[in-house]
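A short worksheet on the structure shown next.
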Amino acid sequence: MSKLPGVVVNGVSGRMGQMLVKLVSENKAMQLVGALERSGHEWIGQDVGVAMGGAELGVLVSDNPLEVMAKAQAVIDFTVPAATVAMAELAAQARAVHVIGTTGLSDDDLAKIKAASRHSVVVRAGNMSLGVNLLVQLTKQVAAALDADFDIEIVEAHHRHKVDAPSGTALMLGEAAADGRGVSLATVKDSGRDGITGERKRGDIGFSAIRGGDIVGEHDVIFAGEGERIVLRHMATDRAIFARGALKAALWGQGRKPGEYNMLDVLGL
Ligand SMILES: NC(=O)C1=CN([C@@H]2O[C@H](COP(=O)(O)OP(=O)(O)OC[C@H]3O[C@@H](n4cnc5c(N)ncnc54)[C@H](OP(=O)(O)O)[C@@H]3O)[C@@H](O)[C@H]2O)C=CC1
Ligand SMILES: O=C(O)C1=N[C@H](C(=O)O)C[C@H](O)C1
């Protein structure tokens, strides 16, 4: 009988971390072999299932990634940029698939992750849900079909604890829209309007962010023309959609050639 892939979850006490521990431990195609948190966290040394308020899962929360990664075929990482960059190196050393959901990564962070992906499979996406990845493709298609008479605006809403803006998903959608138009997002991105901004520049792609309450994640891509408006919308109501995508990516990456992949690759979209 072949051994199931061993999966480590990084940042287990987080909103996504807890959802991931639950789904990995319930999944018959993989086994939970490690639970990581930052040094000094009150969960360190406790059984992760008990720390989450449920039954024992037989895995202790650790702050020693080097030791834990020795048992891993995959690590699922929805944490913070510094932790994800540090994990990229360790996953590369362990030749483990690194599934990255963390957003707010800088260009420098992305360069380090790219370097690590010379030795390991990295699957990274600002949103791992099937619905959003489908929306990415639709956005590209609509943007390619319309010219700049249609202004593209991306509006996103998230819970009050979110620390980065625009969201990773909004940026994915912006990239897709820019791609559809045959331009680079960096040259047309307009985020953070405030004060006397002047008129909207033709061809720009605008971003707006709402933060409040417990909103899981909502994204609208608006194509606003003269006399008509097209709105593509995704609404997440359950974080399980992101976690399910991450588990799929962890399995999909097994035995694949080292390199950087995204959820369009995993989902075959
Ligand atoms: N790609 C996608 O589909 C999705 C991406 N996300 C992204 O995932 C990330 C996490 O989101 P969310 O779960 O809501 O955030 P949380 O703040 O709830 O969780 C982050 C966790 O990471 C922990 N952490 C911090 N430093 C380290 C470290 N050095 N080692 C291990 N763990 C560490 C935090 O611990 P502590 O709080 O104690 O510091 C916390 O438990 C965000 O960037 C978010 O945008 C979220 C949902 C979907
Ligand atoms: O922080 C979150 O919660 C989410 N982050 C991701 C993002 O930045 O787009 C994905 C999802 O929208 C939830």
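Counting starts at 1 for both ligands and their atoms, in listed order. All values reported here derive from a predicted model rather than from experimental measurement.
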Subset of ligand 2 atoms that lie under 4.0 Å from at least one heavy atom of H219 | 12 (O)

Atoms of ligand 2 under 4.0 Å from any heavy atom of S167, numbered from 1 in the order shown, are 7 (C), 8 (O), 9 (O)

N/O separation below 3.5 Å, T103 to ligand 1 = yes

Counting from 1 in the order shown, the ligand 2 atoms closer than 4.0 Å to a non-hydrogen atom of G126 are 6 (C), 7 (C), 9 (O), 10 (C)

Atom CE of M19 and atom CZ of F78: how far apart are they, to the nearest 0.5 Å?
-> 11.0 Å

Just let me know how R15 lines up against ligand 2, side chain, backbone, both or neither, with a heavy-atom cut-off below 4.0 Å.
-> neither

For ligand 1, the portion of R239 having any non-hydrogen atom under 4.0 Å away = neither

Please could you name the atoms of ligand 2 that T169 approaches to less than 4.0 Å, counting only its heavy atoms?
-> 7 (C), 9 (O), 10 (C), 12 (O)

For F78 and ligand 1, does the shortest N/O to N/O distance drop below 3.5 Å?
-> no

Contact partition for T79 relative to ligand 1, non-hydrogen atoms under 4.0 Å = both

Indicate yes or no: does an N/O atom of R38 lie under 3.5 Å from an N/O atom of ligand 1?
-> yes

Within the structure, does L36 bring an N/O atom to less than 3.5 angstrom of an N/O atom in ligand 1?
-> no

For atom 17 (O) of ligand 1, is the nearest protein heavy atom closer than 4.0 Å?
-> yes

State whether the shortest distance between N or O atoms of K162 and N or O atoms of ligand 1 falls below 3.5 angstrom.
-> yes

Identify, by atom number and element, the atoms of ligand 2 in contact range of T103, meaning under 4.0 Å from any of its heavy atoms.
-> 7 (C), 8 (O)

Which one holds for V12 and ligand 1: side chain close, backbone close, both close, or neither close, with close meaning a heavy atom under 4.0 Å?
-> neither

Has ligand 2 got any nitrogen or oxygen that is less than 3.5 angstrom from a nitrogen or oxygen of G168?
-> yes

Give yes if a backbone or side-chain nitrogen or oxygen of M16 is under 3.5 Å from a nitrogen or oxygen of ligand 1, and no if not.
-> yes

Which atoms from ligand 2 have a heavy atom of H159 less than 4.0 Å away?
-> 1 (O), 2 (C), 3 (O)

Compute the ring centroids of H158 and H219, then answer whether they are less than 6.0 Å apart.
-> yes

